[in-house]
Amino acid sequence: MLVFVLNAGSSSLKYQLIDAKTSEVKASGIVERIGIDGVLKHEIGNNRKLTFEAHIQTHKEAIELILQTLTHDDTKIIDSIDEIDAIGHRVAHGGEYFKNSVVVDDEVIKKIEELIPLAPLHNPANILGMKICRELMPNTPNVAVFDTAFHQTMPEVHFLFPVPHEDYTEHHLRKYGFHGTSHYYVSNEAIKLLENKKDLRIIVCHLGNGSSVCAVRDGKSLNTTMGLTPLGGLMMGTRSGDIDPGIIPYLMEKKNMDTHQIIDYLNKKSGILGVSGISSDLRDIISAAKDGDQRAQVTIDMMCNRVKKYICSYAGLLGGVDALCFTAGIGENSDLIREKVCHNLEFMGIEIDKDKNSSKESKVKEISKDSSKTKIFVIPTNEELVIAQDTYKLVG
Ligand code: ADP
């Protein structure tokens, strides 16, 4: 069963063509800078890479070009788009409506539209992707897979904010959490590694450009660090994460900013970029710190301390930790960050093995000492595979 997985952003489109039964990725790619110079980077299998400078101006042109690339000339993988059995869409915000993935129909699109105020940057692009696919492939079913759905199992005590209750009942103000597909995939892989034992207590650290930690009990999300929006929780590439809310009016006054400007400031100019003054890319910060840059070192320490804070907090909520998992760009690739995060956690049974941790293998690996009560795993995330498999389950 061939599933076209689509992650539509405001100016980019990521996609994969996956055989949902065998998990084989037939082709993948990204269209970036839609509306500017619209470049398509396409990969066949995982060896042949091509770049098309296509000056793509709209999302529709982008999807048309992807489909053409999949079906024509020497980049051909399938004879016709009719061979695509279903389309799986990554959708940022499913609010309280969607606790699981769903087949897309008019009613589903209407509900995702209603949620735009909660995800103004992401949901409109996701809806656009669905509408274009329905237009270009009218006989192919579409499935929506939500970044928030996995966290819908969080109990009230963890999803409510300490503000008047009517803000929840009237304005839907609560913690939703994001990266749900990744937290689900990684915790599920950890459960398999722990022989499917019951009632496992798992903490997943998804550390990428956007980052979040999730406490998982018996396969279900118990708590997570992102909140109403993806701005909450950890310090990220350009996002501040949790700050004293009093900072917002203070900065607005001092820097003469309006609501839009302060949100932009906290989303795009803060976090690793803001503190270091160098870059949002952690590799640049690590290399600057090696060259003796003090602020870069402080940036790394701040970032790791915040991850550590949530690991300890969630260990308390779970009453212990059977597995601590690292994933995403930083979590999968930086032994330095993993070591710093785990440093001093030996008292609670988290003991990292330096040699195993520094191995450069890019697949699933266990990096804890044999004596460690908590298993520590590096598990590369695979959100696209979850989307393809959910799509297969619903329409296969
Ligand atoms: P996104 O949230 O955009 O999907 P990724 O999961 O790809 O982001 O993670 C991007 C982050 O991973 C960047 O900060 C990048 O510097 C970091 N990263 C990638 N490889 C390494 C590495 N070897 N060491 C440290 N950081 C890394």
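Each ligand, and each atom within it, is numbered from 1 in the order the structure gives.
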Protein heavy atom at shortest distance from [atom]:
{"atom": "atom 26 (N) of ligand 1", "answer": "Arg283 CG, 3.8 Å"}
{"atom": "atom 14 (O) of ligand 1", "answer": "Leu282 N, 3.2 Å"}
{"atom": "atom 18 (N) of ligand 1", "answer": "Gly329 O, 3.7 Å"}
{"atom": "atom 15 (C) of ligand 1", "answer": "Asp281 OD1, 3.4 Å"}
{"atom": "atom 17 (C) of ligand 1", "answer": "Ile330 CG1, 3.5 Å"}

Please confirm whether the ring centroid of [X] lies under 6.0 Å from the ring centroid of [Y].
{"X": "His89", "Y": "Phe4", "answer": "no"}
{"X": "His183", "Y": "His151", "answer": "yes"}
{"X": "Phe161", "Y": "Tyr168", "answer": "no"}

Contact check, side chains of Ile387 and Tyr185, non-hydrogen atoms, under 4.5 Å: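 No. Closest side-chain heavy atoms not under 4.5 Å.
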
If we only count heavy atoms from C-beta on, is the Thr69 to Lys76 side-chain gap below 4.5 Å?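 Side chain of Thr69 against side chain of Lys76, heavy atoms only: no contact under 4.5 Å found.
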
Tell me whether Lys131 at atom NZ has more than 12 heavy atoms from other residues, nucleotides or ligands lying less than 6.0 Å away.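 Open.
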
What atoms of ligand 1 come within less than 4.0 Å of a heavy atom belonging to Gly210?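 The atoms of ligand 1 under 4.0 Å from a heavy atom of Gly210 are 2 (O).
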
Could you tell me how the ring of His93 sits relative to the ring of Tyr176: parallel (under 30°), tilted (30 to 60°) or perpendicular (over 60°)?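 Geometry flag for Tyr176 against His93: perpendicular rings.
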
Does the protein put a heavy atom less than 4.0 Å from atom 1 (P) of ligand 1?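 There is a protein heavy atom less than 4.0 Å from atom 1 (P) of ligand 1.
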
Who's closest to atom 23 (N) of ligand 1 heavy-atom-wise, of Asn333, Asp335, Asn209?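 Ranked by closest heavy atom to atom 23 (N) of ligand 1, first place is Asn333.
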
When you compare ligand 1 with Ile286, is there at least one nitrogen or oxygen pair between them that comes in under 3.5 angstrom?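 No, since none of the N or O atoms of Ile286 sits under 3.5 Å from an N or O of ligand 1.
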
Purely on distance, is any nitrogen or oxygen of Ser334 under 3.5 Å from one on ligand 1?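 Checking ligand 1 against Ser334, no N or O pair falls under 3.5 Å apart.
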
Any heavy atom of Gly237 closer to ligand 1 than 4.0 angstrom?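 Not so, Gly237 does not reach ligand 1.
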
Sole residue of Thr224, Thr229, Asn223, Thr148 in side-chain hydrogen bond (donor to acceptor under 3.5 Å, both in side chains) with Lys175: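 Only one option passes, and that is Asn223.
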
